[in-house]
Amino acid sequence: MSALTHLAGVLGGGGGLLAAELDRDGGQATQPGPASVAAAGPRAAGGPEEYELVVEAIYEGYLQHYGAPRLMREADPDLSLLAGDRLYALGLERLVALGDVPAVVELADVISLCALAHARGEGDLAVPVWEAGARAVGWGPTAAYTRAKALVLVGDDRGTGSLRAEIVGTTGPPGEPGR
């Protein structure tokens, strides 16, 4: 079962408003997110399916806020915002249950960096941030990525250039081409 299908089952099994908004026709559920990169890494070896689920939940939350959701019908903006927050919380809660605090920090940073990128009119930066963040969850962050995140999070404009330089072309695990 794919992580998106599993996530739809989790959301549907909980009942309520979010379950009612699931796109029963499949929507865009065939479009994978960055979760497979995280699940393939050695840090996720103890539960790759759960890591894939939590990253997909948080990514789907991001899409509810800023993109085209894959699992839910496009709803009114307030419901999309609430759905996104619920998906963020679901993913982070399950990640905490795994005891992986560094991965919680990485994904919280991804959420923050994406929000900053969109607020600054640089929404295109979110895709490579997600790729690098998923890689950091599964494989651990690089020193350059950690430095660039710190600069961006404190509002230093040099961080955006550093972040772009670190993550463009580095979507695979360490040691693969482009890394």
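One-based numbering along the sequence shown. Here the structure is a predicted model, which means the values were calculated and not measured.
For the pair Val152 and Arg120, the tightest heavy-atom approach, listed with the atom from each and the gap, is O-NH2, 3.7 Å. Across every non-hydrogen atom of Leu11 and Leu22, the tightest pair is CD1-CD2, 4.1 Å. When all heavy atoms of Ala38 and Ala44 are compared, the pair lying nearest together is O-CB, 3.4 Å. Among all heavy-atom pairs drawn from Pro34 and Ala134, the shortest one is O-CB, 3.3 Å. The shortest heavy-atom contact between Ala126 and Tyr62 is CB-OH, 3.1 Å. Heavy-atom minimum distance, Arg94 versus Val10: NH1-CG2, 4.0 Å.
By the rule that hydrophobic residues join a cluster once side-chain heavy atoms approach within less than 4.5 Å of another member, Leu151 and Leu125 end up as members of separate clusters. Following chains of ILVMFWY side-chain contacts shorter than 4.5 Å, one cannot reach Tyr145 starting from Val127, and the two form parts of different hydrophobic clusters. When hydrophobic clusters are built by joining Ile, Leu, Val, Met, Phe, Trp and Tyr residues whose side-chain heavy atoms come closer than 4.5 Å, directly or via intermediates, Val96 is not grouped with Val105.
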### Val37/Glu131 under side chain to side chain contact (heavy atoms under 4.5 Å, CB included): CA gap, chis, key distance, verdict
CA-CA 8 Å; Val37 171; Glu131 292 168 352; over 6 Å; no
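Taking the side chain as every heavy atom from C-beta outward, Leu7 and Leu87 approach each other to under 4.5 Å. Side-chain contact between Leu107 and Tyr59 is absent, with no heavy-atom pair separated by less than 4.5 Å. In this structure the side chain of Glu60 never reaches within 4.5 angstrom of the side chain of Leu90, judged on heavy atoms. Counting heavy atoms from C-beta outward, Asp124 and Glu122 have side chains that approach closer than 4.5 Å. Between Asp100 and Tyr51, some side-chain heavy-atom pair lies under the 4.5 Å cut-off. Looking at Cys114 and His65, their side chains never come closer than 4.5 Å, going by heavy atoms from C-beta outward. Considering only heavy atoms from C-beta on, Arg86 stays 4.5 Å or farther from Gln64 through its side chain.
Note: His118 and Tyr66 have parallel aromatic rings, judged against thresholds of 30 and 60 degrees for the angle between ring planes.
In this structure, Leu71 CG and Leu63 CG are separated by 9.0 Å, a value rounded to the nearest 0.5 Å. Between Thr5 atom OG1 and Glu56 atom CD the span is 10.0 Å, to the nearest 0.5 Å. The CD1 atom of Ile111 sits 5.0 Å away from the CG atom of Leu92 when rounded to the nearest 0.5 Å.
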